[in-house]
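Contents: one structure, followed by commentary.
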Amino acid sequence: MKNDTALDTLPVITLRGVGPRSAARLAVLGIETVQDVLFHLPRRYEDRTRVTPIGALRFGDHAVVEGEVELAQLAYGRRRSLLVRVSDGSGALTLRFFHFSKAQQQNMVRGCRLRIYGEVRKGPATPEMVHPEYQRLAEGESPQVEDRLTAVYPTTEGVHQLTLRKLSDQALQLLEQDCLPEWLSAELLSTHQLVDLHTALRYVHRPPADAQLEALEAGVHPTQRRLAFEELLAHHLSLRRLRERARRLRAVSLRPGGELTERLIGSLPFRLTTAQRRVIDELLQDLAQTHPMMRLVQGDVGSGKTVVAAATAARAVDNGCQVAVMAPTELLADQHLQNFTAWFEPLGIRVGWLSGKVKGKARAVVLDELAGGGLQIVVGTHALFQQDVVFHQLGLIVIDEQHRFGVHQRLALRDKGRAGALLPHQLIMTATPIPRTLAMTLYADLDTSVIDELPPGRIPVQTVVIPDSRRDEVIQRVRDACRDGRQAYWVCTLIEESESLQCEAAEETARLLTETLPELRVALVHGRMKEADKAHCMAAFKAADIDLLVATTVIEVGVDVPNASLMIIENAERLGLSQLHQLRGRVGRGALQSSCVLMYRGPLSQMARKRLAVIRETGDGFEIARHDLELRGPGEVLGTRQTGMVQFRIADLIRDQALLDKVEQAAGYLLECEPQNVQPIVRRWLGKSVRYGEV
Ligand code: ADP
Ligand code: MG
């Protein structure tokens, strides 16, 4: 299919008017090929298809007018400006220029005719246009107006609007020569009522005068949806294909037979919920396969994911394989260590520990035991996957709370555990419920299980929203709760991003609270403390040797102290919903009625008010994540703003949600009936960034 002029490879520098310098600038906009020019869609449109009588102008309109200069004069107000009054018989309009050349001034003299385009604003005497585009007309001249709407493209420094217009003109001309293949078959187009690619591109760049501007500017015109559809399809396909390829990879089949899983479950002080049981069964079925499991377990905070992981780990150990359990922070890893040790050691299984802080001799011993196979389970942080860590036979990797990982990292981890041709199974757990829309485009390489039930006896956390002017009341609440033998968290969050400032604020708060509440045992944890001190402090809190724990958001995920029944969160209005939900999930883990106090500093913006209302009114993590997605976008929900994991050129996961069902259907159809088109579609939209599409 490829020929020399295929627009997806034709560099933009081959277009007229583009040299090395502008090519570099265009690259900033993601434009490197002619195809990129075509996928760089207008942000909005201007209607220059007709001349509007001046008398019919409304404020805020962008319009073309034509008229005769009645008066041109310099005005010396706060800033020197050139004022040009133009009239067309129906009314008068003033053009205002703050920057102008001598030539411009001499050009617009009384009696000459101008064709003008600009935005109409209210002026002191007549309506005004500030810095309009204009052109002087010769006697009797009346140039044609545009026959299509004028595209306004997103620009960047050094790339002019007119340049982009000229480039898209050229790209559209090349398109006429059929240089951009259609990868969606006639069949697919008609099933999903999509227009063809060429029509869609021509339309969005140069819409006809009677186009529905509103739909276009909202990005929901059928031609735009056609393009978004293909892009979403490409992302979905790349992950689906990855999943299919994983089915062809080999892993040790971890079979039933031993009894460790059942013995572990039998030794627990509680009965598993139906949901936990179901998810464990799903996981065990995966483990028995000869290809590596890649399964995501989603379960709201407190749904009991840890024990599900442990039961699964037991199956691996029963098969003579090792298990690596990884958490994102030492705090969490340490908690897993405690749980796993408590559950497994009585059964004669050894659990080891490896974090970045384990060094020297201790580290050498752990590494030795891992390589020799003496250690069956190892818990830790990223350190588990450093180069010098060698496993005897790693059968299963458990990753907790890792929703901040992208697909590349998932694959890298799996590859590190590779033993010859055999890959380890992978279980990923997350407490951030991932709305389906995101799951389909970002997690389609994973199978998913959901623990959709909380252990019995949990009472929903009561949430109240209180301004920080009522701090005294809040402190009284802490006093009362602790007097009744409960424990409390006080979470300090700061406006500043800086961690050190957060820690300082937490220190200050801890000091004040210690003074105000002398009868309580107050302690502090923050991110700047030594790991050992943190762990020590958490252990003391868990053992109820501390009443009030002042903390930064380090305790956001995973920490489990059932006797803690009160949580105070300062500056709650600054945090995302999912984060608030995670924090709140630290309480309500026992059989006690728990509460969460969201303190805010007024006045609240409308958005903040809305968000706090959501968190007050619902305890359902999925529902909260859906709101978060709508209010703040996918990057915030997943915490991937920095990593740029979610990047689409045209599609918008929120705006285009309704397309996702069709995308999923179309992907299934393509993989089955038109597999030859899969690769080209993925390549077109993910291009070079699609390393993971090639594994
Ligand atoms: P999360 O899903 O948030 O990681 P954890 O695994 O930390 O939740 O479990 C939360 C608490 O619930 C722990 O104290 C755990 O021992 C307890 N738990 C887990 N499953 C059950 C159950 N079926 N019945 C009662 N308590 C349970
Ligand atoms: Mg957990």
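When a ligand or atom number is given, it counts from 1 through the structure's own listing order.
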Counting only N and O atoms by type, is there a donor-acceptor contact under 3.5 Å from the side chain of R584 to the main-chain atoms of I615?
yes
Suppose I only count heavy atoms of V301 and a 4.0 Å limit; which atoms of ligand 1 are within that range?
3 (O)
For ligand 1, which atoms, with element, lie under 4.0 Å from some heavy atom of R271?
22 (C), 23 (N), 24 (N)
Which atoms of ligand 1 have any heavy atom of T273 under 4.0 Å away?
23 (N)
Atom CG in D281, atom CG in D286: separation rounded to 0.5 Å?
11.0 Å
Closer than 4.0 Å to some heavy atom of G304 - which atoms of ligand 1 meet that?
1 (P), 2 (O), 5 (P), 6 (O), 8 (O), 9 (O), 19 (C)
Do you know which two heavy atoms are closest between A310 and W343, and how far apart they sit?
CB-CE3, 3.7 Å
Within-cut-off N or O pair, W343 and ligand 1, under 3.5 Å:
no
Taking atom 17 (C) of ligand 1 as the point of reference, which of R589, M429, R458 owns the nearest heavy atom?
R458
Chi angles and distances behind the side-chain contact (heavy atoms from CB on, under 4.5 Å) call for T509, E570:
CA-CA 10 Å; T509 306; E570 288 196 79; 3.7 Å; yes
From CD (Q487) to CD1 (I546), nearest 0.5 Å:
8.5 Å
Interfacing atoms of ligand 1 (cut-off 4.0 Å, heavy-atom, G302):
1 (P), 2 (O), 3 (O), 8 (O)
Please could you name the atoms of ligand 1 that L272 approaches to less than 4.0 Å, counting only its heavy atoms?
23 (N)
In this structure, does ligand 1 have an atom that sits under 4.0 Å from one of the heavy atoms of S303?
yes
Do any heavy atoms of Q582 fall under 4.0 Å from ligand 1?
no
Test of understanding: given a 4.0 Å heavy-atom threshold, classify the contact between T306 and ligand 1 as side chain, backbone, both, or neither.
both
Residue list, salt bridge (charged side-chain N to carboxylate O under 4.0 Å, His left out) with D318, at least two apart or on another chain
none
Is there a donor-acceptor contact under 3.5 Å from the side chain of E453 to the main chain of T273?
no
Suppose the criterion is ring pair (Phe, Tyr, Trp, His ring centres under 6.0 Å): which pairs have a residue in residues 291-327, not counting sequence neighbours?
none
